[in-house]
Peer 1: 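Attaching a single structure in C-alpha cells format; questions to follow.
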Amino acid sequence: MHVTDKLDIDVWSDIACPWCYIGKRHLEGALATFEHAGDVHITWHSFELDPKAPRAYTDGLTYAQRLARKYQVTPEDGEKMIGRVVETGAKAGLELRYDRVQGGNTFDAHRLLQWALATTDKQGALKEHLMRAYMTDGAAIGDRDTLSTIAGAAGLDVAAARAMLDTDDYGEAVRADEALAHQLNITAVPFFVMAHRIAVPGAQPIDTLAAMLAKAWPLAGATGDDASDG
C-alpha cells in the first residue's frame with residue numbers, strides 16, 4: 001500500500017458526553033507522544049446521545065435526578081454515577097461541573113461543527129470550546145445565541161454562525177454522519193476510526209490510543225469503509 005504523510009482520525013462523539021471529552025483528552029495525550037502527530041488530521045463526526053432532548057429542560061430537575069430517571073435508579077445512585085465520571089475527568093485534567101450542566105438538544109451544535117468543518121479550519125477549536133462550555137461552564141447548549149457566542153470564542157464569525165443557525169443548513173450533514181455511524185454499528189461514543197481501518201471504541205487509556213496510532217500509521221492515506229480491525 002502506498003503510504004502518504006497524513007493519518008486520518010475520524011471521531012464520532014456528542015457535545016453532551018463526558019466520556020467523549022475524556023476520550024478527547026486521552027487522544028491528545030497519545031498524540032503528544034506520537035512522532036507523526038503533525039501529520040494527523042482529525043475530523044469530528046456527529047452523534048446525538050439523546051436526539052429527542054428539548055432545546056432546554058424546564059422540568060426543574062437536577063442533572064442527577066434526570067440521570068436517575070433515565071436509568072431507573074435512585075437520585076443517590078445518579079450522584080454516584082456523576083461522581084465517578086467527575087473523578088475520571090479530573091484525572092484527565094478536566095473540570096466537569098455537573099452542578100452547572102443544563103442539558104439540552106445538541107443538534108444545532110452538531111450543525112455548527114459541520115459548518116466549521118466545511119468552511120474553516122477551526123472545527124477542532126470549536127469542538128473544544130463547545131465541550132468546555134457545556135460541561136464546565138454550564139452553557140445552554142441548545143440556545144442559538146449561546147452557540148454563536150461559543151463559535152466566536154473559537155475564532156469563527158459570530159454573525160455568520162448565528163445566520164447559519166437560523167437556517168436548516170448542515171442538518172443533512174449531521175444525519176449523514178449518524179447514518180454512517182449506524183452502518184459501522186457505532187452504538188456508543190466516543191468512537192475512533194484511524195486510517196479508515198482501525199476502530200477504537202470508548203474513552204480508551206492514553207497508552208492504548210498511542211498503540212493504536214502506531215498501528216494505524218503504516219496505513220496512513222488508506223481509504224475504505226472497513227473499520228472492523230480494532
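FYI, side chains are in, hydrogens and waters are out, and symmetry mates aren't considered; it's all heavy atoms of this structure. Along the sequence shown, the residues carry numbers beginning at 1.
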Peer 1: To the closest 0.5 Å, what do you measure between CG (Leu130) and CG (Asp137)?
Peer 2: 11.0 Å

Peer 1: Partners of Asp39 by side-chain hydrogen bond (donor to acceptor under 3.5 Å, both in side chains), sequence neighbours excluded?
Peer 2: none

Peer 1: For residues Leu219 and Phe34: do they belong to one hydrophobic cluster (side chain heavy atoms under 4.5 Å, members Ile, Leu, Val, Met, Phe, Trp, Tyr)?
Peer 2: yes

Peer 1: Give the C-alpha distance, both sets of side-chain angles, the deciding distance and a yes or no for side chain to side chain contact (heavy atoms under 4.5 Å, CB included) between Lys80 and Asp77.
Peer 2: CA-CA 5 Å; Lys80 289 178 182 178; Asp77 287 335; 4.2 Å; yes

Peer 1: What residues form a side-chain contact (heavy atoms from CB on, under 4.5 Å) with Asp169, not counting sequence neighbours?
Peer 2: Met164, Thr167

Peer 1: Donor-acceptor pair, distance only, cut-off 3.5 Å: does the side chain of Gln102 make one with the backbone of Gly138?
Peer 2: yes

Peer 1: Side chains of Met81 and Tyr71, heavy atoms from C-beta outward: is any pair under 4.5 Å?
Peer 2: yes

Peer 1: Tell me who clusters with Phe107, hydrophobic residues only, linked when side chains sit under 4.5 Å apart either directly or through other members.
Peer 2: Val174

Peer 1: For Phe192 and Gly23, work out which heavy atoms get closest and say how close.
Peer 2: CZ-O, 3.8 Å

Peer 1: Within a strict 4.5 Å, meaning less than it, do heavy atoms of the Leu94 and Val86 side chains meet?
Peer 2: no

Peer 1: What about Tyr98 and Leu49, same hydrophobic cluster or not, with Ile/Leu/Val/Met/Phe/Trp/Tyr joined at side-chain heavy-atom distances under 4.5 Å?
Peer 2: no

Peer 1: Is the closest side-chain donor-acceptor distance between Asp177 and His110 under 3.5 Å?
Peer 2: no

Peer 1: Just jot down the side-chain contact (heavy atoms from CB on, under 4.5 Å) partners of Ala216, sequence neighbours excluded, or say none.
Peer 2: Leu7, Met194, Ala195, Ile198

Peer 1: So which atom in Gly124 and which in Trp44 form the shortest heavy-atom distance, rounded to 0.1 Å?
Peer 2: CA-NE1, 3.9 Å

Peer 1: If you round to the nearest 0.5 Å, how far is SG of Cys20 from CG of Leu27?
Peer 2: 12.0 Å

Peer 1: Which pairs pass salt bridge (charged side-chain N to carboxylate O under 4.0 Å, His left out) with one or both residues in residues 150-162, sequence neighbours excluded?
Peer 2: Asp145-Arg162, Arg162-Asp166

Peer 1: Tell me, please, which residues at least two apart from Arg69 pass side-chain hydrogen bond (donor to acceptor under 3.5 Å, both in side chains).
Peer 2: Asp59

Peer 1: Between CD of Glu178 and CD of Gln183, what distance do you get to the nearest 0.5 Å?
Peer 2: 12.5 Å

Peer 1: So, the side chain of Arg66 versus the backbone of Leu61: is there a donor-acceptor pair under 3.5 Å, distance only?
Peer 2: yes

Peer 1: Nearest 0.5 Å please: distance from the OH atom of Tyr134 over to the CG atom of Asp14.
Peer 2: 8.5 Å

Peer 1: Tell me every residue that passes side-chain contact (heavy atoms from CB on, under 4.5 Å) with Thr43, counting only those two or more places apart in sequence or in another chain.
Peer 2: Asp10, His41, His45, Leu117, Gln123

Peer 1: Determine, for Arg175 against Glu48, whether the closest basic-nitrogen to carboxylate-oxygen distance falls under 4.0 angstrom.
Peer 2: yes

Peer 1: Is there side-chain contact between Ile9 and Leu213, with heavy atoms separated by less than 4.5 Å?
Peer 2: yes

Peer 1: Please say yes or no: joined through hydrophobic side-chain contacts below 4.5 Å, possibly via intermediate residues, are Leu113 and Met135 part of one cluster?
Peer 2: yes

Peer 1: Could you check if a side-chain atom of Pro190 sits within less than 4.5 angstrom of a side-chain atom of Trp19, using non-hydrogen atoms only?
Peer 2: yes

Peer 1: Report whether Ile150 and Tyr21 are members of the same hydrophobic cluster (ILVMFWY, side-chain heavy atoms less than 4.5 Å apart, transitive linking).
Peer 2: yes

Peer 1: Mind checking what makes side-chain hydrogen bond (donor to acceptor under 3.5 Å, both in side chains) contact with Asp99, not counting sequence neighbours?
Peer 2: Arg97

Peer 1: Measure the shortest side-chain to side-chain distance between Thr119 and Leu156 over non-hydrogen atoms and say whether it is less than 4.5 angstrom.
Peer 2: no

Peer 1: Which pairs with one or both residues in residues 104-113 pass salt bridge (charged side-chain N to carboxylate O under 4.0 Å, His left out), sequence neighbours excluded?
Peer 2: Arg55-Asp108, Asp108-Arg111, Asp108-Arg144

Peer 1: Can you list the residues that meet the side-chain contact (heavy atoms from CB on, under 4.5 Å) rule with Glu28, with sequence neighbours excluded?
Peer 2: Lys24, Arg25, Glu128

Peer 1: From Ile186 CD1 over to Leu180 CG, what is the distance, rounded to the nearest 0.5 angstrom?
Peer 2: 6.5 Å

Peer 1: Which residues pass the side-chain hydrogen bond (donor to acceptor under 3.5 Å, both in side chains) test with Thr146, not counting sequence neighbours?
Peer 2: Asp143

Peer 1: So, the side chain of Ser13 versus the backbone of Val189: is there a donor-acceptor pair under 3.5 Å, distance only?
Peer 2: no

Peer 1: With a 4.5 Å heavy-atom cut-off, do Leu126 and Lys122 have their side chains touching?
Peer 2: no

Peer 1: Walk me through it: do Leu96 and Ile82 pass the test side chain to side chain contact (heavy atoms under 4.5 Å, CB included)?
Peer 2: CA-CA 9 Å; Leu96 303 179; Ile82 290 172; over 6 Å; no

Peer 1: So Phe191 and Val200, side chain to side chain contact (heavy atoms under 4.5 Å, CB included) or not? Walk me through it.
Peer 2: CA-CA 6 Å; Phe191 194 96; Val200 187; over 6 Å; no

Peer 1: Hey, could you give me each pair passing side-chain hydrogen bond (donor to acceptor under 3.5 Å, both in side chains) that has a residue in residues 82-91? Not counting sequence neighbours.
Peer 2: none

Peer 1: Using salt bridge (charged side-chain N to carboxylate O under 4.0 Å, His left out), reason through Lys6 and Asp8 one step at a time and then give a plain yes or no.
Peer 2: CA-CA 6 Å; Lys6 180 169 69 72; Asp8 289 316; 2.7 Å; yes

